[in-house]
Each structure stands twice: as C-alpha cells, then as structure tokens.
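Data first, discussion second: the structure below is written as structure tokens.
One-based numbering, in listed order, for ligands and for the atoms of each.
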Amino acid sequence: MKIHKLMIPGPVDILDDVRETMASPSVPHYGREWMAIYQETIELLRQVFQTRNDLFLLAGPGSAGLDAALGSLLRTGEKVLVPSNGLFGSRLADIARCYGLEVVLLEFPAGQPVDPAAVRACLNVERDVQAVAMVHHETSTGVLNPLREVAALAHAQGLPIIVDAIASIGGLPVPVDEWGLDVVATVANKCLETPPAVAPISVSERAWKVMDSKPGRHHGWYLSLDTWREYARSWADWHPYPTTLPTHNIMALRVGLKRILANGIENHYAKHVRAAGRVRAGLHEMGFELFVAGEYACSLITSVEARPEFEVDDLARFLRDEHGILIGGGIAELRGKIFRVGHMGRAASDEYVEAFLVAVKDFLRRAGLA
Ligand SMILES: *Cc1c(COP(=O)(O)O)cnc(C)c1O
C-alpha cells in the first residue's frame, strides 16, 4: 500500500518506537510478566485521563466503548438526552436506539457548539431522563463542546454523563475526576498516537451506583461493564478482564503513553495548538475561511470552507497524488462544503504542517488562483 502523510482526523501516523513494538514477538495476555505491562498501561492512562476511576481496555474501535457505556448504564425503555451537533452526536443517538433506549435528541447546527442553556431547559422539561450522553470534540466539524458545563448540568439533576472523548482525550485537557465525568470512552488511534483496536474506558463510582441500582442484567456480555468489573475482581491477580486482549496494541499503547508523558503532557497539548495555529494562519493568508469560529474551534483538527473556484475533492486528490498528503472531506450534508485537516499524531510536526501549506499553495498556483 502506498504510504501517505496522514493529515486526516484519525487514524494518525505513528512514531518508530510504536511501530517497532507492533513487530515484537507474541506474549500471552495473562501471567505475572504480562500483568506488569498491563497494570503500567492502566496507570499511564489514568494520568492522561486525570482519574482514579476504574479503567478498562476494551478490544475494538472507540465505538465499542460507546456501546458499552450506553448498554450498561441504561435499561431498555429508559430515556437518554443526547445534545448533538454533528455526525458523531447522531451516532451516539443511533447506538442508544439500538439498545432500545428512548433518545431525546437536542440538535444544534453543524459548526456550532452545544448550548448549555438549551441543555438546562431540556433537562427541566424532560424529568424522566436517566443519563446525558455527549461528544466532546465533534470530529465531523472540529467543534469542541462545552463538556464541563454540560456535565455540571447533568450532575445538578443527579444524572450521570457519558462522554465520547474519542478525539479529545490525550490531545487536550480532559480532567475526568475534576469534572466528574462518569463514563469516558476513547480510542488508541487518535490523540494517543498508536494503532487502532484498543478502546480505553473509565467508569466512575457514580456510574457503578447507577448500574447497581437497576435490577436485572445489563445488555450483552462482552460489552457489559458489569462483566469487566466482575473479572477485574475475581481474576484480579492474573487475568482481570473477560477475554483475550490485543497484546501488541497494548504494548504499543504503553510505549506511546510513556513517551508522551515523559515529554510532558502539556507539551503534547501545546503541539496541537501550535500546529493548528500555523495551518489556520497559512490557510487564511491563502484566502480560505475557517468553518468553526474561534473559541470553539478544537486544536485537534481544522475544518475549512470550500471555495467557489474549485471542488474540495479536486484539492484532496491533488494533495494525495502530487504531494502524498491525505486530508479529510466533509461527511454527509457537509460533503463538498468543507475539508478537514488533522493535527493529531505526526500531523502536528513542523514537517507535515510545512508540507501541507506548500502543497495547498502549489494547488492554488496551478489552478491560477495564487
Ligand atoms: C473517530 C471518532 C469516532 C469513531 O471511532 P471508531 O474508533 O471508528 O469507533 C467516534 N466519535 C468521535 C468523536 C470520533 O472522532
């Protein structure tokens, strides 16, 4: 397969230490030696999540964590409030409906943040809502939602909050304990800069209380958080999870996390801010308009308005074929209307940022626009 510079909103390009770890020999997913690796990975993740909550490593995409969260916290027929401003917000609603939940979908326009005042008003009317579920960084547009405020509103009503932090944890501060975030799902292949297939998920004391207060089994077995807690207790010393784990991916995640934390997590956050700043300034200079307004524009991707002089697809194809750079397009109703540039992983490096700006300039020049 041709190798490109990945400047898409995930997966991201990985560094050599992680790549080499993926090529290491097989090890069993249990026993003393493995347990040391596993426990260290959990502790490193707790630092990134800023939590002392229980933390599990589901094998699967980030969505596995969202399935587990919604299916475990809520029973069929219960109501969940989903404030949504994009594709991944409606995905949360879809997952909830698949578990037989009643979804109160509170929609906001794409490119605009969720409005806490509207969430408050909705919670005041919908008295039988049992949980709130929201995306933090809505990657379909690059909007960073006001998670802290929405979490506080949920808690004021005694409700737990489920967070899709798939494209935010590790890339910017998400203080899980300070904000009281109850179930937080992420994945290895975005801001954690490692290959896909590991989905870390944290579960608060309040979330366990909610689950324990409801009679009957949770949905399913593998994606039931109850199952994971059961094995964490009963097989604690040698195999504290219900199934085989993707050991290579977890070893790679450990290596990536160690590097990120050794370099300083603040520096990791800052590199995205810097890369986003450079990309936005460069695009602005070339006559592009950003799709998301300043305050809510997440540092982890930049979404840019299409221009009347050319198709977004033509720009994306040119960057790929002539410069070996992959960017993301708009999805669903935003197809052809925006393009998205990722700043996660190696995309945040000076090398990638410079290559991208040079390539866009080259496109404009050849199109007679610069
Ligand atoms: C990438 C992404 C997802 C989907 O993650 P998968 O690993 O493909 O399941 C969900 N939500 C957000 C916000 C994302 O950025």
His272 and His268 aromatic ring geometry - parallel, tilted or perpendicular at 30°/60° bounds: perpendicular
All side chain to side chain donor-acceptor pair (under 3.5 Å) counterparts of Asn189, not counting sequence neighbours: none
Plane angle bin for Tyr38 and Trp34 - parallel if under 30°, tilted between 30 and 60°, otherwise perpendicular: tilted
Distance from atom 1 (C) of ligand 1 to nearest protein heavy atom, with residue and atom: Lys190 NZ, 1.4 Å
Heavy-atom proximity to atom 8 (O) of ligand 1, best of Pro61, Gly86, Pro9: Pro61
Distance from atom 11 (N) of ligand 1 to nearest protein heavy atom, with residue and atom: Asp164 OD2, 2.6 Å
For atom 13 (C) of ligand 1, closest protein heavy-atom neighbour: Thr139 OG1, 3.2 Å
Distance filter under 4.0 Å to Gly62 heavy atoms, resulting ligand 1 atoms: 6 (P), 7 (O), 9 (O)
Interfacing atoms of ligand 1 (cut-off 4.0 Å, heavy-atom, His137): 13 (C)
Whether Phe363 and Phe310 hold their rings parallel, tilted or perpendicular, with breakpoints at 30° and 60°: perpendicular
Atom indices of ligand 1 within 4.0 angstrom of Ala167 heavy atoms, with elements: 15 (O)
Trp235 and His239 aromatic ring geometry - parallel, tilted or perpendicular at 30°/60° bounds: perpendicular
Top protein contact for atom 4 (C) of ligand 1, by heavy-atom distance: Phe88 CE2, 3.8 Å
Identity and distance of the protein heavy atom lying nearest atom 9 (O) of ligand 1: Ser63 OG, 2.5 Å
Separation between NZ of Lys271 and CG of Asp350, rounded to the nearest 0.5 Å: 11.0 Å
